[in-house]
Amino acid sequence: MTEALSPTTPLLEMCGIEKSFPGVRAVVRGEFNLRSGEVHALLGENGAGKSTLIKVLAGAHRADSGTIRVDGRNVHMDSPHDAVREGIAVIHQEFNLVPALSAGANIFLGRESTQGGLIRKDEEHEAARALFQRLDSGIDPGTPCRDLTVAQQQLVEIAKALSQKARILVMDEPTAALSSREVEKLLNIVRELRNQGLGIIYVSHRLDEVFAVCDRATVMRDGEHIATEAVAGLTRGRLIELMVGRKLEAEFPRRTPDIGPERLVVRGLSRGRSVQGVSFELRRGEILGLTGLVGAGRTEVLRLLFGADRADAGRVTLDGRELRIRSPRDAIRAGICLLTEDRKRQGLVLGLSVRENFGLPNLPRFSRVGFVRQSSERSAFESFVRALRIKIPDQEQTARNLSGGNQQKVVLAKWLQTNSEIVLIDEPTRGIDVGAKLEIYHLINDLAAGGKAVLMVSSELPEVLGMCDRILVMREGRIAGEIQDVSRATQQQILQLATG
């Protein structure tokens, strides 16, 4: 699908971009253009070629062929320095900040204002303060970045880009770790930067944000440009269809729950101020949602149940038997598993193969007299590769090279092999595209249908409402309320409980 040419010269044009890696054609005929004063979404499933196209633009990868134009001029992006010189800044999902340095020092790192070999700290401080004021933020430039919230660190990254006179700003999954309030504030900043004439490339799996802030959307699939259309003329269903190449009957698969008796009973679970007197029951075949604002204590509850942190007080029983969980090893032996929020740092050893990651929590099953029986490990993993439709060339594929959806499936496979009865899932679809999300949702439903009890933490309220049988809402370390009739519940109802 093509669009009519704009009468004005685009700020950025990428035409016929091709980029291959050994055995993989990552981008085939990549096309993208951006206007000044525009927010342009770049969308597609994991593996669609978005990241590669952005890395070509940022000078991290050199294109095999194709042209890049800025203000109508052909430019060559042979290094990140070339991109910076052309006014292009990329804010990655994982920030590039030095935690021990102040916000101001991070903004000007490598570009310090000096006199007689000394850094003009006062001058930098005032320049940083002016940048934060431009972003309507009161961040103190002298605050170390390690003491800032994730949302504040993101503003430091944006301020750094503005200090480099960036005219093209690439935002890669900018709201992945933000609360709903922080998301709205960030979107307002994006709108203001658009009004100031910047061209913004907005990469996100959250379609609500695309419709809230973007002017146009470009969709990629299998490395190719599929369509560029005005967001105002798109529906959510049409956008999903463009991304996955087929119609999805529903974003959240329907199921008829068969909920049985109580399995996990938690009473008075506490740890400092992060978790205070939390009590609830989890039933056989149930998907119980645990939500609230970031920092409300949701992840902390899961970590206590899994033994990653020690509780100050509380009682946990499973099938009527009291548990004493002092470590993750105790939890695994009791039949409890945890799919962590950060699968890359906590759920996988990225440098190991997917087979080795699968085997880690299952070594007692696959070991004999201290040696791992790789044939048994491979056979067991292969059954999950087929059942979960994990897309890998072979079992020796390094975990870091998989898409987010396939990484999540590997984590799920290793825990399913342990025969865990209580499945704790923290942000199951963070950073996962809409097609892979549906597969993950089916897997979660299958767990519940098989009699497992699922406790799911999610910041995405449509996901909580679409997947859960009951919802617990946390606020400041406590259970603020319970929603039993999920079919009639609304996002506003959840937010009212979450904010008080």
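Here the structure is a predicted model, which means the values were calculated and not measured.
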task: Determine whether more than 12 heavy atoms belonging to other residues, nucleotides or ligands lie under 6.0 Å from atom CG of Asp136.
output: no
Salt bridge (charged side-chain N to carboxylate O under 4.0 Å, His left out) filter on Glu421, not counting sequence neighbours, yields Arg263, Lys452
- Item | Step-by-step side chain to side chain donor-acceptor pair (under 3.5 Å) determination, Asp426 to Thr299 | CA-CA 7 Å; Asp426 198 353; Thr299 294; 2.8 Å; yes
Residue pairs meeting side-chain hydrogen bond (donor to acceptor under 3.5 Å, both in side chains), one or both in residues 488-498, sequence neighbours left out, come to none
Report yes if some heavy atom in the side chain of Val454 is under 4.5 Å from a heavy atom in the side chain of Ile444; otherwise report no.
-> yes
Do the side chains of Arg470 and Glu286 get close enough for a salt bridge, i.e. N-O under 4.0 angstrom? yes
Please determine, by modelled atom types, if Gln152 and Ser137 share a side-chain donor-acceptor pair under 3.5 angstrom.
-> no
Looking at Asp469, I'd like to know if its CG atom is crowded, meaning that more than 12 non-hydrogen atoms belonging to other residues, nucleotides or ligands lie closer than 6.0 Å. yes
Q) With a 4.0 Å cut-off, would you call Arg303 and Asp309 a salt bridge? A) yes
I'd like to know if Glu281 and Arg267 make a salt bridge, using a cut-off of under 4.0 Å between side-chain N and carboxylate O.
yes
Whether over 12 other heavy atoms sit under 6.0 Å from Arg329 CZ: no
d(Arg298 CZ, Leu472 CG) to nearest 0.5 Å is 12.5 Å
Are Arg284 and Glu262 close enough for a salt bridge, meaning some N to O gap below 4.0 Å? no
Does Tyr441 have Lys437 sitting over its ring (NZ/CZ under 6.0 Å from centre, angle to axis within 45°)? no
Between Arg386 and Glu382, does at least one N-O distance fall below 4.0 Å, as a salt bridge requires?
yes
Should Glu182 and Lys185 count as an ion pair when the cut-off is N to O under 4.0 Å? no
Q | Donor + acceptor pair across side chains of Glu322, Thr317 (<3.5 Å) | A | no
Which is it for Thr256 and Asp258 under the side chain to side chain donor-acceptor pair (under 3.5 Å) test, yes or no, and what are the steps along the way? CA-CA 7 Å; Thr256 302; Asp258 181 16; over 6 Å; no
### Query
If we ignore angles and hydrogens, is there a donor and acceptor under 3.5 Å between the side chains of Glu427 and Ser459?
yes
Could you walk me through whether Arg478 and Gln276 satisfy the side chain to side chain donor-acceptor pair (under 3.5 Å) test, starting with their C-alpha distance in whole Å, then the side-chain angles of each, then the deciding distance to 0.1 Å, before giving a yes or no? CA-CA 5 Å; Arg478 303 178 183 274; Gln276 304 178 56; 2.9 Å; yes
Just checking Glu476: does its CD atom have more than 12 heavy atoms from other residues, nucleotides or ligands closer to it than 6.0 angstrom? no
Across all chains, not counting sequence neighbours, the salt bridge (charged side-chain N to carboxylate O under 4.0 Å, His left out) partners of Asp446 are none
CD1 (Ile390) and CD (Gln407) are apart, to the nearest 0.5 Å, by 11.5 Å
By ring pair (Phe, Tyr, Trp, His ring centres under 6.0 Å), Phe381 pairs with (sequence neighbours left out) Phe358
Determine, for Glu300 against Arg271, whether the closest basic-nitrogen to carboxylate-oxygen distance falls under 4.0 angstrom.
no
In short, side-chain hydrogen bond (donor to acceptor under 3.5 Å, both in side chains) pairs touching residues 47-58 with sequence neighbours left out are none
Taken in chain and number order and not counting sequence neighbours, the residues that satisfy salt bridge (charged side-chain N to carboxylate O under 4.0 Å, His left out) with Glu356 are none
Will you find, in the side chains of Ser353 and Gln397, an N or O donor that is under 3.5 Å from an N or O acceptor? no
